[in-house]
Amino acid sequence: MLDRDLIRRDPDFVRAGIARKHMDASIVDEFLTVDQAWRTATTHLDEKKAESNRISKSIGQLIGQGKKDEAEAAKAQTADLKKAIAELEAQERNLETDLKSIELQFPNLPHASTPDGETENENVFVREWGAKPEFADAPKPHWEIAENLQLLDLPRGAKITGSGFAVYTGQGARLQRALFNFMVDHQTLRNGYREIYPPFIVNRASLIGTGNLPKFEEDLYKVDDDLYLIPTAEVPVTNLYRDEILDAADLTVNLAAFSGCFRKEAGAAGKDTRGLLRIHQFDKVELVKFTKPEDSYAELELLVKDAESVLQSLGLHYRIVELCTGDIGAKGSKCYDLEVWSPGVDRYLEISSCTNFEAYQARRANIRFRREQGAKPEHVHILNGSGLACPRLFSAIVESFQQPDGTVLLPEVLRSYVGTDRLGA
RNA sequence: GGAGAGGUCGCAUAGUGGUCUAGUGCGCCGCACUCGAAAUGCGGUAAGGGGCAACUCUUCGAGGGUUCGAAUCCCUCCCUCUCCGCCA
């Protein structure tokens, strides 16, 4: 959601921002038309209601004074008014419903610094860390390593659930469990985030708050009338403070949450489908920040540092790119992707997206803060990023640290979590 | 899942059809008193919408209904607590 006043005051600015994202800006005119009609209707309705309230109050007074006849006369007076109010109310309600639904379809505007571009090809390289590991022979992809060492059982995953559901077995299961334990410890004990363990099922209101609904219903698993499996811990964690007013002294709030993530990703079939590259259920540690508006861009840089510190601790080569306006998606203002080097697949793979949503989600979820006692509440800025996604980290580790003898030599920091220094030993 | 009790402006409570534009206490803010503080006194203390403004509308868990008028009466739902059942 955007600021209504901004759209009214400077529609050209909003149109330009939407156009930079290569999205349809006609929604601005749609909004302005309905908004004008709604405001007119609201004003008329309020006038009628005020009149009705005045009469009702006078009836009370007349009865109190024992003037029954006059009270009855006043009652008769309200019949037409009542009818008019009912009509105006229906009209106003329809317009308001329309306006809200239009409002929820608005994409966020890109930050001025977000580079222009249409596709991921125009994303901008920011920096890299480490170097691609050298191998005597061509490195194997993780699905081969996993099969050799019996870390994964994808056929049985397909049998018991369906394609895109991975079963981790033996040391693979242990590594998977080690990864999220390590990452939660890392983000809480080292980087100072507060740990949250959220429900994996949320209601519609929460999904609207983060911007997953109403637009992306087809990406979600629905488990009941009003309940959905979460596509990321971002949804429950961001909504912790839905409809709340935070104290400025408590900002910035830094939260880290482990969760399972469930995504149908109906449109994504056929791309990156091998092994663990794109699966319907996966584990992830998510970082969420609630900040004052003036702090959010500095916090975005910190968020990226916290996410990449995991890769550094593991000794994995990665690069950071800044997404261009065409690739950033509807919700974000500015976004960096962390891409880990995957030698077996011979590609960089997105392992974290660190995004500043500014007030876009805060408006949808009604999350505000007060600068000082008595001050008017303002919307917070909300940021989030993976810290990190487990399957691609799993695959990057087994591919990057595969040994000539077929084993995988684990990074130092993981050894106590996995209980061994080597997979396949 | 069943039975009972309950959900009121940060917290605690009052309010059972019409000066409720929701009272009171605590907390908080301001002022006074004080060298300063405590205590005390006075005043102020919810959010959102429309309007240039005066002003006005909405919100007493949510949504419907009755009524000229609903925090208050009726219906449905949600949540919390107690007990029962079931269960890891």
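This one's a predicted model, so the numbers in the text were calculated from it and none came from an experiment. Just so it is clear: chains get the letters A, B, ... in the order the sequence lines come, proteins before strands, and each one is counted from 1.
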So, is A/Arg54 close to the B/C55 phosphate, meaning a side-chain N or O under 4.0 Å from OP1 or OP2?
no
Could you check whether A/Ala74 gets within reach of a base, just the sugar-phosphate, or nothing at all, counting any heavy atom under 4.0 Å?
nothing
Whole-angstrom distance between B/C11 and B/A5, as gauged at atom P
25 Å
Distance in angstrom units between A/Leu62 CG and B/U19 P, rounded:
14 Å
Nearest heavy atom decides the nucleotide; on that basis, is A/Ile245 or A/Asp35 closer to the 5' end of RNA chain B?
A/Ile245
B/U56, B/C68, B/G64: which one has an atom nearest the side-chain heavy atoms of A/Asp46?
B/U56
Evaluate A/Phe394 against A/Tyr168 for ring-ring contact (aromatic ring centres under 6.0 Å, His included), listing each step before the verdict.
CA-CA 11 Å; A/Phe394 185 110; A/Tyr168 296 82; 5.4 Å; yes
Between A/Asn53 (CG) and B/A70 (C1'), how many Å, whole number?
12 Å
Give a yes-or-no answer on whether the side chains of A/Gln36 and A/Thr33 include a donor-acceptor pair shorter than 3.5 Å.
no
If you define the side chain from C-beta out and look only at heavy atoms, does anything of A/Val14 sit under 4.5 Å from A/Leu2?
yes
So, OP1 or OP2 of B/G64: does either fall under 4.0 Å of a side-chain N or O from A/Arg93?
yes
Just how far is it from atom CD1 of A/Ile102 to atom CH2 of A/Trp38, taken to the nearest 0.5 Å?
12.5 Å
Take atom CG of A/Asp243 and atom P of B/C79, then tell me their distance rounded to the nearest Å.
16 Å
If B/C81 has a Watson-Crick or G-U wobble mate with both distances under 3.5 Å, name it; if not, just say none.
B/G4
